[in-house]
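Heads up: the structure comes next, in structure tokens.
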There are 2 protein chains.
Amino acid sequence: MAVTLKLLAERTGKSITTVSRALAGYDDVSEETKELVRRVANELRYTPNFLARSLQKRRSRTISLILPTVGPRFSDPFFSEFLTGVANMAAERGYDLLLSVQAPDEGEMELYRRKVSSGQVDGFVVVRTRRRDPRIEWLHKSQVSFVAFGRTENDADFPFVDVDGVKGMRLIGEHLIGLGHRRIAFLSSPSELLFVEHRLDGLRQAMAAHGLDPEEIRILPGDLTQKSGYEATVSLLDDTNPPSAIVACNDLMALGAMSALHERGVSVGSDIAVTGFDDIPMAEHAHPPLTTIHQPIYEIGRMVCEKLVRLIAGEELASRSKILEPRLIVRSSCGSLRKQSEQAGG
Amino acid sequence: MAVTLKLLAERTGKSITTVSRALAGYDDVSEETKELVRRVANELRYTPNFLARSLQKRRSRTISLILPTVGPRFSDPFFSEFLTGVANMAAERGYDLLLSVQAPDEGEMELYRRKVSSGQVDGFVVVRTRRRDPRIEWLHKSQVSFVAFGRTENDADFPFVDVDGVKGMRLIGEHLIGLGHRRIAFLSSPSELLFVEHRLDGLRQAMAAHGLDPEEIRILPGDLTQKSGYEATVSLLDDTNPPSAIVACNDLMALGAMSALHERGVSVGSDIAVTGFDDIPMAEHAHPPLTTIHQPIYEIGRMVCEKLVRLIAGEELASRSKILEPRLIVRSSCGSLRKQSEQAGG
DNA sequence: CTTGACATCCAAAACGTTTTGGTTTAGAGT
DNA sequence: ACTCTAAACCAAAACGTTTTGGATGTCAAG
């Protein structure tokens, strides 16, 4: 049925070894023979059996990405773009991408272990890193190739790509303080995720740098979803002394906040400032467009994957880790500068 | 290094055959031996080599999803949820998911072919079906297992899951006409995608059912992105006789339209009605919340995957295809009923 | 004592590659 | 005539499973 080396050997009158080596381009095969083999291989549309090859080479040219979902359903606007970056780079380098979904529980580590010891994958892309991350500890200890998107608290030196969240949120803070905001609320999320901590730190640094007390930041819990941004904001509005600026730790929560504000008739941009973080596609088209920090998420996906492929190939990485510079995108959700001066003038 | 059947055989003093059959639960192995083998396998943390097993069984227990991206980057809010559905069901059934990204060009079919003939995957999930879809033609002809999300024009009877777009958009049409709208614009996209055609048909049917001329629908080109919804709407607003309702063929375009309307100071809901299709998470939190058609996208992912797994296992499918009933979600982007009556009263 | 049935086990082949460790042949050098 | 080298080739082993087709031993029935 399938076209195998055996068939090619019969058709060319050569041995399986020779056919194999001809296709692989070894120079102990004559030019004529190579030509012949290639021709017949093309005619019969020969495709090497991936399983047999991987079994023998003990390399599967496959990388794994295990998505730590919380509920059964989740919706991360980042996800598709990051994944496309990873998948595109993987394809360019001749790798395949095996995707799994697994809640961060007891089963999680077992899944990692099995993927490795079954010979299925050569390495991992780790996403949504946690403060103390058992995945990274295990992968590091087991000497399995991996690259993370995000950092952890344990000081183990492992390869990762991340955006400088501290600096990013400092930029947001500076921007808001520059616009005159003093009463700031921060829409947070479970502190298990380290990047949230980074972002809050950045905001605190900006406060401190301007002689303001970082303790004055009003911190509200959330879980990164629009819904939780909405709910947190509703509770804020019932307060006697509501903040003049709402700093959300991601865009989704910022959009939820804006939704609550609209509902209450509070005008975003003039009555209150709202900022996000991530610059998801929706941010630009929100109403009003959202001031936020841009993360080049597609590029990050590519970088993570490229590092991983290098690692698997045994190359030395010039730099194990890379922290990207954040970029402040000023839109009108904090009031445009023009508006500010108008207000000052009026 | 790795724990193999050979090692287990040595440790238990049995043959490789017996160890293999013990673990597989055959009843030509004594209970004691099974117990012994299981114990040792657990102690040594034996994991079957996936590649060797698949090679021998000629089944990889892996399904493939090849994402037909347009540009290098894309952002589909559906994607993450659909994929999670597929991946979750795959995991439940003991399957893995291999993800690739490939533009719909010459390379596309070659990729499908290679995945099959390399023995890498047992079947495919096909997404974003096109009117005449070479992927489906080829898979059908080659007798490869696959399930599609969406239909095609060619009448080949293949398994798919889809939402009844005609009916969905008819519901939207009825709703708008019931609210008194007559001048309707439709934000379309390249007609290569069949579902867009279905949706337009539904709108036409609603018009015709109420004695209105379907030809009166003003159709504007687009490409399913917010940006194109925005641009189409801007061009509409420059018109002398702008429509009273904008029907977008998906939510993203509807959000782009709303963004343009806000910018021009047109009030969505009272001055003009806007509708979407899909019910992405953002729709609920838009300003105003978007009236749209709900698609249970996570469930669809699960259904598609389950059908595929069944097909691969050689089970007869009770129903090869499934067309889901659409559900109209009325929010306030067309004006709330209360508002309507207020207007009437004033 | 033979036969058959049954329970338990296992050697070898197979899946399709790549790698190892050769062999064969022709021609050059001495 | 002999050895050496280089070019071209290939048989067999290996990767780790599962399956095929027995083999062996025990016990009961005849």
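Order of the sequence lines sets the chain letters (A, B, ...), proteins ahead of strands, with each chain counted from 1.
Every residue meeting the salt bridge (charged side-chain N to carboxylate O under 4.0 Å, His left out) condition with R130(B), not counting sequence neighbours, appears here in chain and number order: E108(B). Under the salt bridge (charged side-chain N to carboxylate O under 4.0 Å, His left out) criterion, R113(A) pairs with E110(A), not counting sequence neighbours. Annotation: salt bridge (charged side-chain N to carboxylate O under 4.0 Å, His left out) contacts of R11(B) (sequence neighbours excluded): none. Remark: R39(A) engages E43(A) in a salt bridge (charged side-chain N to carboxylate O under 4.0 Å, His left out) (not counting sequence neighbours). Partners of E106(B) according to the side chain to side chain contact (heavy atoms under 4.5 Å, CB included) rule, which considers only residues two or more places apart in sequence or in another chain, do not exist here. The side chain to side chain donor-acceptor pair (under 3.5 Å) test applied to R114(B) returns no partner, not counting sequence neighbours.
Within the structure, every pair that satisfies the ring pair (Phe, Tyr, Trp, His ring centres under 6.0 Å) test and touches residues 81-110 of chain B, not counting sequence neighbours, is listed here: F82(B)-F149(B). Annotation: ring pair (Phe, Tyr, Trp, His ring centres under 6.0 Å) contacts involving residues 98-148 of chain A, sequence neighbours excluded, comprise Y112(A)-F124(A), F146(A)-F158(A). Within the structure, ring pair (Phe, Tyr, Trp, His ring centres under 6.0 Å) pairs that include any residue of residues 2-48 of chain B do not occur (at least two apart or interchain).
Residue K14(B) has no polar side-chain atom (N or O) positioned under 4.0 Å from OP1 or OP2 of dC10(C). When the side-chain nitrogen and oxygen atoms of S30(A) are compared with OP1 and OP2 of dA8(D), none of them lie within a distance under 4.0 Å. A close approach under 4.0 Å does occur between a side-chain nitrogen or oxygen of S15(B) and OP1 or OP2 of dC10(C).
In the helix from dC1(C)-dG30(D) to dT30(C)-dA1(D), the end axes, each obtained as the rotation axis mapping the C1' atoms of four pairs onto the next four within a five-pair block, lie 80° apart to the nearest 10 degrees.
Nucleic acid contact for T33(A): sugar-phosphate only, since backbone atoms but no base atoms lie under 4.0 Å from a heavy atom of the residue.
Note that CG of L99(B) and OG of S64(B) are 8.0 Å apart. Values are rounded to the nearest 0.5 Å.
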> Taking protein heavy atoms under 4.0 Å as touching, what does nucleotides 13-22 of chain D look like 5' to 3' if B marks base contact, S marks sugar-phosphate-only contact and - marks none?
Replying inline: -BBBBBBB--
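Rounded to an integer number of Å, the gap from E10(B) CD to dC10(C) P is 13 Å.
Contact check for T152(B) versus E137(B): no side-chain heavy atoms found under the 4.5 Å cut-off.
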Distances for protein N/O vs nucleotides 4-6 of chain D N/O pairs under 3.5 angstrom?
none

